[in-house]
Amino acid sequence: MQHFRLLLRFALIGLEAIAVCACGSVLAAAQSLCQFNSAQGKIQHVIYIQFDNVHLRRDNPNVPSDLEQMPHLLNFIRNNGTLDQNHHTPLISHTANDILTSLTGVYPDRHGIAVANNYPVFRPDGSTASPSSFFYWTDLVSDEDPSTADHTFGMLTADGHNAPAPWVPFTRAGCDVGAYSTANIVIERTPFDVTKVFGAGSTEANDANQFFDFAGMSVHCAQNSSICGNPNTKAVADLLPQEPGGYNGYQALFGAMYINKVTQLRDLEGNPINGFNGFDPSASETLGAIATMQEAGIPVTISYVADAHDDHVNDVAFGPGQAGYVAQLQAYDQAFAKFFARLKADGIDQHNTMFIITADEGDHFAGGPPTPANCDGTHTACTYPNIGELDVNLPGLVAAETGNSTPFDIHFDMAPSVNIMGNPSSTNPTTRQLERDFATLTAVNPLTSNTDKLTAALADPVELGLLHMITADPLRTPSFVMFADPDYFFLSFGSATPVEDSGFAWNHGGIQPEIVGTWLGLVGPGVRHGDSDEGSPINFSDHTDIRPTILALLGLQDDYVHDGRVLLEALTPRALPQSLNAHSGTLLELAQVYKQINAPVGPLGLNSLTVSTAALASNSDNDKVYTHLEGRIANWTARRDSIAHQMRGMLEAAAFKGQPINVQKADLLIKQGQELLGEVASCAANLSDCQE
């Protein structure tokens with residue numbers, strides 16, 4: 001809360017009147033600077049919330065899903081907007097990658113982070129480093145690990161520049177942007193980023209509690225902002241030296257120490273947030289912080305809420321319907337009830353606010369069946385005699401099963417990226433033999449006694465290019481990626497036979513539907529109402545579609561073309577420019593085929609991954625099968641890129657430049673996209689015929 005706990009608003013009438021009056025004046029001042037161009041000027045606030053691993057899908061058919069156990073949130077979305085149940089992640093499906101894709105509207109090949117939450121980087125000697133995927137927006141790879149000698153930006157465009165920052169269109173429109181616990185737009189690394197932001201030798205650089213005081217929260221200010229202009233605080237230059245169109249004269253606040261000098265952040269229980277305790281905030285903490293920011297006149301807030309399926313105190317995982325899991329979801333539900341009520345009392349609700357609420361990715365639950373078998377978590381709590389991912393030393397397993405002792409490093413994950421020491425080429429015999437050996441890996445599951453095939457799919461740089469996972473920095477390109485059985489997690493130490501790890505039971509990163517499938521809630525002026533349990537009105541969407549949809553509703557635009565498309569099915573025609581309503585049937589079909597051919601986990605992406613796996617597993621004379629299939633994938637990528645580039649240009653021009661589509665050209669592109677989809681699907685379904 002800004003100054004008072006919610007209960008005090010009812011008890012202290014006089015103080016309530018003063019607080020509302022002051023809040024109203026601040027809001028009015030902020031709104032006079034902030035100029036969204038939404039239809040009829042209805043949108044005055046933007047509230048973006050991204051969960052970590054909160055599910056709409058049931059992980060146990062008897063146990064209500066996470067969202068079902070948060071009815072105040074679920075009903076708010078369903079009663080006031082659209083719930084997209086066909087929403088998806090990019091690859092690799094992890095928190096950093098997923099959030100950055102959502103914030104930018106482009107795939108990893110255009111924002112730089114394809115592997116998360118760490119990413120491999122080859123050093124000059126052919127060994128690898130593994131810097132974190134969480135850093136500040138303008139940081140270089142070498143800032144965290146100088147041994148890489150890699151001086152490219154972490155956030156990296158396809159042409160090698162620093163990726164455009166997501167707050168820029170808002171601040172240029174006069175709107176302050178508050179962020180809480182959100183990837184790469186707040187300080188995450190101390191002391192490096194504190195020194196970078198505040199300067200060497202500064203008081204902040206010498207602060208003994210840098211993370212607590214300066215990490216985790218920020219306000220990126222518009223010019224002439226009263227927030228950054230407050231004389232009690234310390235604003236610093238908001239430096240984006242490679243921002244398209246320039247970005248000069250803007251300032252920002254970093255950390256609780258300085259934001260609290262403008263407005264005291266509090267959680268929803270009224271407890272002061274005097275500093276940042278880590279990137280696993282509860283719903284009460286995050287929602288209280290962004291409510292305080294909104295009340296202080298910061299009209300755009302971007303935030304993150306930690307998962308509810310882990311015991312963050314004792315570092316163990318819960319299973320579906322387990323008492324601790326249910327209790328945390330109940331606390332989250334009550335937090336959303338308080339949050340929506342509080343905002344409504346402030347005059348901030350679905351009538352003047354754009355709410356975007358989603359989850360970074362789904363998960364696969366790694367554990368045995370519950371006890372009792374029919375437990376539902378609501379009336380009967382579930383317990384789990386066996387719970388936890390199965391940890392395996394991957395180099396040890398490869399050597400034990402195949403005799404291949406080729407040295408390689410991995411990104412620890414259920415979808416490990418593999419970096420062969422020395423960085424040999426894709427066609428090098430060493431690389432090819434290791435890929436073949438990976439394709440044969442098995443393990444005896446200690447819980448079921450079954451022999452599990454560990455490799456679900458394999459992708460080398462040719463396929464990774466189709467999946468939008470090759471960045472402008474060749475040092476980040478792995479030798480290949482293994483998408484594995486989701487019960488397993490791979491390390492480069494420990495036992496070569498599976499060992500249950502009860503500290504972690506929710507695996508993601510892979511291609512399984514429960515992992516790459518997630519959800520998106522949209523509420524606000526211009527959003528259609530009426531989604532139901534019967535299914536989403538949206539044919540297919542992924543995280544790249546969030547940003548263009550938001551900007552189209554706000555009447556703002558980026559200085560680049562998005563990989564996503566405006567989710568027309570979720571929006572009312574009156575909220576959109578005429579160019580998005582013209583030829584609406586053809587435009588929608590164009591948008592849908594575009595997603596089918598371009599999304600990493602769309603039908604083209606997943607079918608091509610089947611072909612890639614066959615190519616890398618093959619062992620024919622002169623590697624003929626591998627060469628032939630790799631050539632087909634490269635050809636599909638080139639054709640897809642050409643078709644998608646033209647489709648994307650038409651969709652963006654209609655959304656942001658007022659240019660209706662050319663129907664004849666759109667029909668031709670739709671036909672070409674459908675033909676490509678059919679060709680790739682046929683090859684995946686008939687691999688023996690496709691190898692000739």
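Numbers for residues simply follow the sequence, beginning at 1. Predicted, not measured: the structure shown is a model, and the values here were computed from it.
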Is the shortest side-chain heavy-atom distance between T378 and P64 below 4.5 Å? yes

Is a side-chain N or O of N271 found less than 3.5 angstrom from the main chain of D267, in a donor-acceptor match? no

Take a 6.0 Å sphere around CZ of F504 and say whether it holds more than 12 heavy atoms from other residues, nucleotides or ligands. no

Close side-chain approach of L556 and F170, heavy atoms under 4.5 Å: yes

Using a strict threshold of under 4.0 Å (side-chain N to carboxylate O), is an ion pair present between E569 and R528? no

Heavy-atom check, side chain of N53 versus side chain of E361, under 4.5 Å: yes

Would R57 and D66 pass as an ion pair if we require N to O under 4.0 Å? no

Any non-hydrogen side-chain atom of S225 less than 4.5 Å from a side-chain atom of D176? yes

Tell me, do I185 and Y180 make a side-chain contact under 4.5 Å, heavy atoms counted? no

Under 3.5 Å side-chain donor-acceptor pair for T101 and N97: yes

With side chains defined as the heavy atoms from C-beta onward, is the minimum distance between D501 and F489 less than 4.5 Å? no

Is it true that the side chains of Q294 and T301 contain a donor and an acceptor less than 3.5 Å apart? yes

Can you see whether Y136 engages N184 through a side-chain donor-acceptor pair at a distance of less than 3.5 angstrom? no

Any donor-acceptor pair under 3.5 Å linking the side-chain atoms of H543 with those of D98? no

Under 6.0 Å between the ring centres of H72 and F340? no

Establish, from distance only, whether the side-chain atoms of Q69 and Y325 form a donor-acceptor pair under 3.5 Å. no

Hey, does L103 have a side-chain heavy atom less than 4.5 Å from the side chain of I302? yes

Is it the case that the ring center of F214 lies less than 6.0 angstrom away from the ring center of F276? no

So, do Y48 and M354 sit near enough that their side-chain heavy atoms are less than 4.5 Å apart? no

Heavy atoms from other residues, nucleotides or ligands near NZ of K234 exceed 12 (cutoff 6.0 Å): yes

Could you tell me whether the side chain of S38 and the main chain of K42 form a donor-acceptor pair under 3.5 Å? yes

Counting the benzene-type ring for Trp, do W519 and H87 have ring centres under 6.0 Å apart? no

Less than 6.0 Å separating the ring centroids of H508 and H364? no

Between H55 and the options D307, T518, D363, L67, the side chain to side chain contact (heavy atoms under 4.5 Å, CB included) test singles out D363

